[in-house]
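Everything on this sheet refers to the single structure shown next.
Chain naming here is simple, since letters A, B, ... match the order of the sequence lines and numbering starts at 1 in each.
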Number of protein chains: 2
Amino acid sequence: MPINIWMVEDNSRYRKSLVAVINNTPGMYCDQAFSACEEAFDAMEVEAHPDVILLDIGLPGMSGIKGIQKFKSYAPDVHIVILTIYEDNDTVFDALCEGASGYLLKDSTQDKIVDSIREVLAGGAPLNMRIAQKVLQLFSKIKIKRDTNYGLTEREKEILQYIVAGLTKQQIADKIFLSFHTVNTHIKNIYKKLQVTTKAAVVSKAFNENLFKAGN
Amino acid sequence: MPINIWMVEDNSRYRKSLVAVINNTPGMYCDQAFSACEEAFDAMEVEAHPDVILLDIGLPGMSGIKGIQKFKSYAPDVHIVILTIYEDNDTVFDALCEGASGYLLKDSTQDKIVDSIREVLAGGAPLNMRIAQKVLQLFSKIKIKRDTNYGLTEREKEILQYIVAGLTKQQIADKIFLSFHTVNTHIKNIYKKLQVTTKAAVVSKAFNENLFKAGN
DNA sequence: CTGAATATACCACGAACGTGCGATTGATTA
DNA sequence: TAATCAATCGCACGTTCGTGGTATATTCAG
């Protein structure tokens with residue numbers, strides 16, 4: 001059966017042009033196109049749900065970002081592909097967190113957009129080249145932090161885990177069969193190495209710098 | 001100038017086959033191919049550095065994952081494209097964190113691999129369809145957590161920030177011009193809402209559940 | 001108008017924490 | 001062999017925290 005596509009895009013020229021392209025492509029059709037999320041929500045109440053929604057972000061009324069979840073509440077399995085001019089980190093990040101299945105930029109060719117519709121239904125995640133690069137950069141940022149060990153010993157790392165877990169010094173001592181004083185000493189040493197002075201700060205630093213994972 | 005490509009792949013048939021394809025492609029060449037990272041490191045010491053390294057993960061000796069950073073230490077600007085059969089979450093995640101510029105699976109067509117080499121040099125991030133999907137799923141997981149606000153008020157969120165930053169109650173009071181007692185009360189309420197009993201636990205929960213960002 | 005929620009403020013007490021000392025043992029390394 | 005480091009244990013003091021109360025002003029929805 002042909003792919004049912006909806007489109008939400010306030011630029012009528014761009015919208016009409018792309019709708020025409022889709023309707024001239026075998027295997028897919030777009031009979032619903034809107035200039036605002038609100039109109040599309042009304043249609044979701046009465047029409048058969050689409051397979052894919054091509055969604056702009058810079059819209060009058062509700063933004064595409066907020067619209068993602070709303071569309072998903074109507075049709076949990078719908079694939080939402082963002083099609084926008086925005087490529088700043090925050091917008092991309094927010095859209096992906098909201099559950100977009102793909103992210104294209106409007107400078108994409110019409111062929112690329114049509115291909116992406118097929119790709120998302122095949123279980124893929126069409127991403128513009130520059131968007132994919134941004135996404136990967138987010139990962140490598142995580143790594144940088146994970147390298148700084150602060151020279152914690154094994155025992156100290158172990159105790160660090162329990163601090164993060166929220167145990168008191170006495171509870172930690174009981175857990176690993178040490179005296180309260182020993183735990184106290186270890187924690188003092190952890191403070192020196194991490195250059196902090198409270199448990200809350202240790203937890204904060206531990207998360208910010210990914211002081212977990214045994215390896216390295 | 002043509003693209004200089006190296007390859008690290010222990011399956012000699014696959015390696016030779018792909019090297020041949022690359023060398024038959026105008027604009028790129030592969031004159032160095034290895035069956036282990038260690039061999040490639042030796043070559044990095046004496047040969048001109050490549051533009052792109054196609055790197056397997058399941059290798060004898062050092063794994064491709066650990067190899068990524070090592071290659072980057074020789075040539076910080078080299079683009080490393082993973083080419084492997086592994087597509088489990090941990091492997092993908094680790095590779096991207098280490099700084100891979102792309103991630104392909106070995107069932108990719110040779111055309112796709114050649115295209116990806118060009119794409120990565122054009123500033124893109126070639127990802128296999130299924131890998132891209134995994135990556136996007138990681139983002140939507142973040143979102144789920146961010147929804148659970150625990151009904152914190154604006155004031156409480158504000159104070160939460162300072163707790164995470166490691167300030168004492170008195171310091172927080174001074175910072176936002178409130179009495180110590182008021183801050184104390186707010187923190188008590190935060191504890192009730194988050195169901196914790198210590199500052200360390202608050203910090204832990206705040207990080208684990210992304211209790212940041214004002215939006216929603 | 002009337003609760004409910006929010007923000008503000010105060011007090012007191014015991015528990016937990018942070019810190020400055022000192023000390024012994026065993027393993028590793030220079 | 002001497003020195004360093006990790007791990008263990010100990011005490012004392014002042015500070016901060018967590019928790020049980022109580023109370024007032026404001027705002028906002030029912």
Side-chain angles (χ1 to χ4, degrees), chain A residues 146-209 211-216, chain B residues 146-209 211-216:
Chain A
R146 210 197 288 171
D147 274 344
T148 45
N149 280 34
Y150 291 93
L152 292 184
T153 68
E154 285 310 307
R155 201 47 147 176
E156 287 162 355
K157 283 183 198 167
E158 187 185 5
I159 289 176
L160 174 60
Q161 306 294 319
Y162 291 116
I163 292 176
V164 172
L167 302 194
T168 68
K169 293 172 178 179
Q170 187 58 59
Q171 287 171 327
I172 296 172
D174 295 344
K175 199 98 180 178
I176 55 183
F177 307 107
L178 286 180
S179 95
F180 169 86
H181 304 291
T182 305
V183 172
N184 198 27
T185 302
H186 283 309
I187 292 179
K188 276 191 285 192
N189 291 331
I190 292 172
Y191 287 177
K192 282 206 184 87
K193 289 180 181 176
L194 299 200
Q195 302 202 72
V196 297
T197 56
T198 68
K199 286 170 118 187
V202 166
V203 177
S204 200
K205 201 141 193 166
F207 274 99
N208 267 316
E209 321 214 351
L211 262 33
F212 301 109
K213 298 218 168 185
N216 165 274
Chain B
R146 208 198 288 171
D147 273 345
T148 46
N149 280 34
Y150 292 93
L152 292 184
T153 67
E154 284 309 307
R155 200 48 145 176
E156 287 162 356
K157 285 182 199 168
E158 186 185 5
I159 289 176
L160 173 60
Q161 306 293 318
Y162 291 115
I163 293 177
V164 171
L167 301 194
T168 69
K169 293 173 177 178
Q170 187 59 60
Q171 286 171 328
I172 296 172
D174 294 344
K175 200 98 179 179
I176 56 182
F177 306 107
L178 287 180
S179 94
F180 167 88
H181 304 289
T182 305
V183 172
N184 197 28
T185 303
H186 283 309
I187 291 179
K188 277 192 285 191
N189 292 330
I190 292 172
Y191 287 176
K192 283 208 183 88
K193 289 181 180 176
L194 299 200
Q195 302 202 72
V196 296
T197 56
T198 67
K199 288 168 114 186
V202 166
V203 177
S204 205
K205 199 142 195 167
F207 275 99
N208 267 317
E209 322 213 353
L211 261 33
F212 300 109
K213 295 220 169 187
N216 164 274

* Could you tell me the separation between the CD1 atom of B/Ile190 and the C1' atom of C/dT6, rounded to a whole number of Å? => 13 Å
* **Donor-acceptor contact below 3.5 Å, side chain A/Tyr162 vs main chain A/Lys169** => no
* Distance in angstrom units between A/Lys188 NZ and D/dA12 P, rounded -> 14 Å
* Asked: How close or far is atom P of C/dC17 from atom CD1 of A/Ile159, stated in whole angstroms?
  -> 13 Å
* Asked: Atom CD of A/Gln170 to atom C1' of C/dG18: distance rounded to whole Å?
  -> 16 Å
* Atom CD1 in A/Ile190, atom CZ in A/Arg155: separation rounded to 0.5 Å? -> 11.0 Å
* Structure fact -> Ranking D/dA6, C/dT8, D/dT19 by distance to the side chain of A/Thr153, first place goes to D/dA6
* Structure fact -> Assign each of B/Thr185 and A/Ala200 the nucleotide of DNA chain C bearing its closest heavy atom; nearer the 5' end lies the nucleotide of B/Thr185
* Output yes when a side-chain donor or acceptor of B/Ser204 lies under 3.5 Å from a complementary backbone atom of B/Ala200, and no otherwise. => no
* Whole angstrom value for the distance that separates P of C/dT8 from NZ of B/Lys169 -> 16 Å
* A/Lys199 (side chain) and C/dG18 (base): donor-acceptor pair under 3.5 Å -> no
* Flag, side chain of A/Lys199 to backbone of A/Gly166, donor-acceptor distance under 3.5 Å -> no
* Asked: A/His186 side chain: which of D/dG18, D/dG10, D/dA7 is closest?
  -> D/dA7
* Asked: B/Phe180 has an atom CZ; how far is it from atom P of C/dT8, in whole Å?
  -> 15 Å
* Structure fact -> Of the listed D/dG10, C/dT8, C/dC17, the closest approach to the B/Leu178 side chain comes from C/dT8
* Other residues, nucleotides, ligands: >12 heavy atoms within 6.0 Å of B/Lys193 NZ -> yes
* Would you mind telling me which of D/dT8, C/dA16, C/dT19 lies closest to the side-chain atoms of A/Asn184? => C/dT19
* Find the distance A/Glu154:CD to D/dC5:C1' and express it as a whole number of Å. => 14 Å
* Asked: Between B/Thr168 and A/Asn189, which is nearer to the 5' end of DNA chain D once each is assigned its nearest nucleotide?
  -> A/Asn189
* **5'-most by nearest nucleotide on DNA chain D - A/Lys193 or A/His181** => A/Lys193
* Asked: Given C/dT19, C/dG18, C/dT8, which nucleotide is nearest the side-chain atoms of A/Thr198?
  -> C/dG18
* Return the nearest nucleotide to the side chain of B/Tyr191; candidates are D/dC9, D/dG18, C/dT8. => D/dG18
* Asked: Quick one: A/Ile187 CD1 to C/dC17 C1', roughly how many Å, whole number?
  -> 9 Å
* Using a cut-off of strictly less than 4.0 Å, decide whether A/Thr182 has a side-chain nitrogen or oxygen near OP1 or OP2 of D/dT8. => no
* Asked: How is A/Ser179 classified with respect to the nucleic acid when contacts are heavy atoms under 4.0 Å: base, sugar-phosphate, or nothing?
  -> sugar-phosphate
